[in-house]
Amino acid sequence: MYEENGTRYVLGAGTVAKYKKELEGATLVDTVKGSTFVGRTYEPLFPYFADQPNAFRVLGADFVDTEEGTGVVHMAPGFGEDDQIICEENGIDVVVPVDDSGRFTEAVTDWAGVNVFDANKPIIQHLKEQGALVKHETYEHNYPHCWRTDEPLIYKALGSWYVRVTDFRDRMVAHNQKIRWIPEHIRDGQFGKWLEGARDWSISRNRFWGTPIPVWKSDDPESPTPPECYGSIAELEEAFGVEVKDLHRPAIDELTRPDPNVPGATMRRVPEVLDCWFESGSMPFAQVHYPFENKDWFEHHFPGDFIVEYVAQTRGWFYTLMVLGTALFDCAPFRNCICHGILLEPDGKRKLGKRYGNYSSPDEVFDTRGSDALRWYMMASPIMRGGDLRFDSSDAGLGDVTRLVLNPIWNAYYFFTLYANIDGVRATFRTDSDQLLDRYILAKTRELVENVATEMDDYDLAGACAEITAFIDALNNWYIRRSRGRFWGESGAEAEQSAYDTLYTVLVTVCQVTAPLLPLITDAVYMGLTGDDSVHLTDWPDAESFPLDHELVADMDRVREACSTALALREEHGLRTRLPLASLMIAGHDATRLEPLKHLVQSEVNVKAVELTEDLEAHATFVLSPDRRKLGPKLGAAMKDVIAATRSGAWTKNDDGTVTAGEVTLQPDEYELKLESKEGETSAALKGNDAVVVLDVDVTPELEAEGWARDLVRKVQQARKEADLNVTDRIVLAVDVHEGCRAAIETHAAYIREQVLATELVFGAPEDGMHTVETTLGAGALGLGLRVVTSS
RNA sequence: GGGCGUAUAGCUCAGCCGGCUAGAGCGCCGCCCUGAUAAGGCGGAGGUCCCUGGUUCGAGUCCAGGUACGCCCA
């Protein structure tokens with residue numbers, strides 16, 4: 001408390017420092033607790049409500065910040081929730097001297113009709129003139145603005161209609177526990193917390209557009225007639241005796257009837273309309289006009305299996321569904337709920353939103369990238385698990401989908417149609433081919449159908465996407481690649497037909513499995529393949545109709561990996577794939593099981609022979625891999641020694657199947673022995689460390705010669721393409737090659753002629769008129785010439 | 001100010017109940033292959049798992065505190 005020339009200033013102790021200038025001439029006369037003033041009256045700054053009972057007294061409240069302003073704050077019960085509560089507790093009535101357009105009413109005589117924001121300056125001026133203003137400051141704080149027009153809003157007390165949510169809040173909390181949320185934390189986090197703190201829901205809005213609230217009241221406020229709420233058109237027609245065709249304003253407001261209890265008074269509809277969220281929450285039943293119609297349908301479709309929306313709907317749609325579901329049916333209105341996250345600008349600074357206009361039109365993305373690409377991109381992204389995603393429609397992410405997912409599917413389809421049309425083949429859907437590669441891809445298709453179904457049932461869409469991508473890779477880069485010869489009849493007509501049938505069957509099934517994720521491309525492929533109606537009209541494929549053979553799938557995938565490893569070894573040693581090598585050995589547990597698949601490795605890696613052996617010691621060294629989960633709890637601190645021994649190799653295998661690592665003996669089920677390739681050998685371990693691949697890198701003159709022959713074939717094929725030849729054109733081939741390679745070409749002349757469709761292979765410079773190419777072969781120059789043989 | 005999330009490679013993200021040398025795709029670089037060809041395959045480099053402390057034989061993972069960002073609320 002300060003005093004200057006007989007005037008006393010009272011302010012919070014924490015705010016004194018801010019009024020240094022104003023208090024310059026004043027002296028501190030006393031320090032008292034704020035509570036000292038509680039209950040004391042004061043003279044209002046403005047006289048308008050001076051007669052209001054109980055008003056203009058000092059009240060205590062814990063939400064006032066004693067560091068802000070003067071530590072004293074003015075209450076306006078009609079314009080703030082805290083204010084209203086405190087005033088109500090102290091018997092002060094709510095007064096609202098502001099009209100619906102934000103202007104002071106007649107009660108505020110000096111500024112009646114003035115917009116409250118426009119009145120700020122003159123009011124400050126007025127206070128100054130009265131000497132009531134000590135200091136004028138501007139505070140910056142969050143202020144509510146209209147979401148649509150961005151105009152500042154004011155809080156103002158209004159009568160409103162409520163749903164008494166607090167009455168059944170506990171039921172909602174209980175029902176929520178039974179809902180499966182994606183991501184899981186929403187249940188007890190954002191949504192659970194929101195439900196626990198649920199307040200009564202104001203469902204009325206003071207505007208023209210909207211669903212009119214179906215309540216009629218007497219226009220005489222003293223009337224004893226209770227408000228009437230109508231539940232159907234039939235009830236309205238019965239009560240008002242007229243046909244009701246339009247439930248909207250203004251027509252509905254013309255429905256009036258005399259107040260039965262007060263002569264001259266009229267029952268009129270209340271002016272409010274419903275909060276539009278009330279309608280969103282009514283979706284489950286309102287969409288089918290239940291209970292007036294479709295009772296049977298509703299009873300079989302409620303609660304819904306799943307809904308999906310933006311994560312912030314925890315206080316919007318998810319919530320209003322929950323309120324009405326609980327209030328009306330006492331159950332959760334949906335069983336599963338996917339909350340997707342939001343898209344952010346590429347720099348992550350702001351969300352993409354209507355307000356900001358900071359995104360390109362989806363139509364534009366559809367036109368440039370395709371809606372399938374966009375859909376897949378979203379489905380495979382963290383946004384489906386409630387996370388945020390930085391999104392740039394122009395960046396590579398969407399293009400990657402086209403390149404890595406859409407193109408491969410289309411390529412497989414294109415490959416099929418290209419050769420099926422050339423050969424005039426019609427394929428049938430069948431899953432019974434006995435060809436090895438067919439059985440592999442059919443068994444893998446079965447796993448695809450099962451796994452995608454499991455992942456989708458689990459709402460793991462990103463997992464389903466990954467499953468499909470991996471399958472397409474195996475289809476294109478293994479099945480088709482390794483089966484190519486069969487498609488042009490290298491293995492006979494029967495094998496050719498089963499290749500077409502199998503690829504057809506697999507593609508049809510892939511389309512069905514992928515249809516929910518890529519609805520357009522799968523439909524195009526499906527209809528192109530089958531000539532049937534849309535893939536979206538078919539049932540989910542029956543996994544059971546495909547062969548079950550996990551072992552074959554596992555073995556084949558192991559072989560694929562062995563090939564990758566072998567190709568890596570080739571690169572490491574600078575041995576191009578066209579150069580045949582004598583042999584490749586796969587040494588590992590159960591390696592001999594791969595016997596039936598050997599020929600595939602042979603052609604993929606271009607080796608003359610593939611050997612399989614379980615003789616591990618000869619080709620690999622063992623690495624001890626203790627089971628840490630098992631041993632950790634058992635050994636405690638001794639675990640460190642075991643790991644050290646594992647690293648240093650200080651362990652021995654005992655005859656009884658145990659292993660001694662450092663001081664510790666490990667039981668057979670407490671460790672695994674993994675393989676590592678021996679140093680100095682041209683070998684490498686597979687990823688699972690259960691086998692090693694050993695490549696014979698000894699290049700004999702014979703192998704080198706064959707490699708040159710294949711190089712030559714490749715170069716001639718390239719030349720054919722450059723010369724725009726048809727794939728079936730026969731040619732005369734001139735080869736002008738240095739001495740180092742000539743013998744090799746002679747040895748393999750027949751092979752070369754066959755491969756490049758040459759009726760004749762002549763050595764020497766190309767003739768005039770030939771298509772010529774200057775290139776190299778082996779260590780020297782190569783000149784090629786080719787001419788189409790006139791078809792006879 | 002409160003609640004709920006998120007932070008891992010240049011980028012976008014996986015990484016379960018704590019356990020092996022932290023993974024994928026893209027991008028970059030190199031190599032290869034090609035009867036799907038303005039495709040395709042193989043490899044390499046690239047990491048302070050946001051920071052600090054704690055629990056533990058062992059932490060990207062659990063706990064506490066902090067920082068930054070997002071959503072929701074006030």
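Lettering follows sequence order; numbering is per chain, from 1. Because the structure is predicted, anything quoted here is derived from the model rather than measured.
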Partners passing side chain to side chain contact (heavy atoms under 4.5 Å, CB included) against [X] (at least two apart in sequence or in another chain):
X	answer
Asp423(A)	Val425(A), Glu496(A), Tyr500(A)
Leu374(A)	Val365(A), Phe366(A), Met378(A), Phe391(A), Leu398(A)
Arg720(A)	Val716(A), Gln717(A), Leu725(A), Asp729(A), Ile731(A), Leu757(A), Leu786(A)
Leu600(A)	Leu437(A), Trp478(A), Arg482(A), Met556(A), Leu597(A)

_Tell me whether the rings of Trp194(A) and Tyr319(A) are parallel (<30°), tilted (30 to 60°) or perpendicular (>60°)._
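Correct class here is perpendicular.
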Any N/O pairs under 3.5 Å between the protein and nucleotides 28-31 of chain B? List them or say none.
from   : atom 1 : to        : atom 2 : distance (Å)
G30(B) : N2     : Glu571(A) : OE1    : 2.9
G30(B) : N2     : Glu571(A) : OE2    : 3.0

*Please name all residues satisfying salt bridge (Lys or Arg N to Asp or Glu O under 4.0 Å) with Arg481(A), sequence neighbours left out, ordered by chain then number.*
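Result, salt bridge (Lys or Arg N to Asp or Glu O under 4.0 Å) vs Arg481(A): Glu604(A).
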*asked:* My understanding is that only residues two or more places apart in sequence, or in another chain, count here; which of them pass side chain to side chain donor-acceptor pair (under 3.5 Å) with Asn477(A)?
replied: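 Partners of Asn477(A) by the side chain to side chain donor-acceptor pair (under 3.5 Å) criterion, ordered by chain and then number, come out as Asp473(A).
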*List for me each residue that meets side chain to side chain donor-acceptor pair (under 3.5 Å) alongside Glu490(A), sequence neighbours excluded, and say none if there are none.*
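Listed in chain order: Trp488(A).
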*Starting at the 5' end of RNA chain B and moving along, which residue's nearest nucleotide shows up first, Tyr413(A) or Ala568(A)?*
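Residue closer to the 5' terminus by nearest nucleotide: Tyr413(A).
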_Strictly below 4.0 Å: does Lys193(A) bring a side-chain N or O up to OP1 or OP2 of G3(B)?_
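Checking Lys193(A) against G3(B): no side-chain N or O falls below 4.0 Å of OP1 or OP2.
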*Side-chain N or O of Arg484(A) closer than 4.0 Å to phosphate OP1/OP2 of A36(B)*: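 Answer yes for this pair, as a side-chain N or O of Arg484(A) is under 4.0 Å from OP1 or OP2.
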*Expressed in angstrom and rounded to an integer, what is the separation of Asp473(A) atom CG from A39(B) atom C1'?*
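Roughly 14 Å, once rounded to whole Å.
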*In whole angstrom, what separates Leu475(A)'s CG from G40(B)'s P?*
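These atoms are roughly 15 Å apart.
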*Using a heavy-atom cut-off of under 4.0 Å over every strand shown, decide if Arg714(A) touches base, sugar-phosphate, or nothing.*
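Base: the residue Arg714(A), judged by heavy atoms under 4.0 Å, touches a nucleobase.
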*Report the secondary structure of RNA chain B in dot-bracket form, marking unpaired bases with a dot and bases paired to a different strand with |, and treating Watson-Crick or G-U pairs with both distances under 3.5 Å as paired.*
(((((((..((((.....[...)))).(((((.......))))).....(((((..]....)))))))))))).
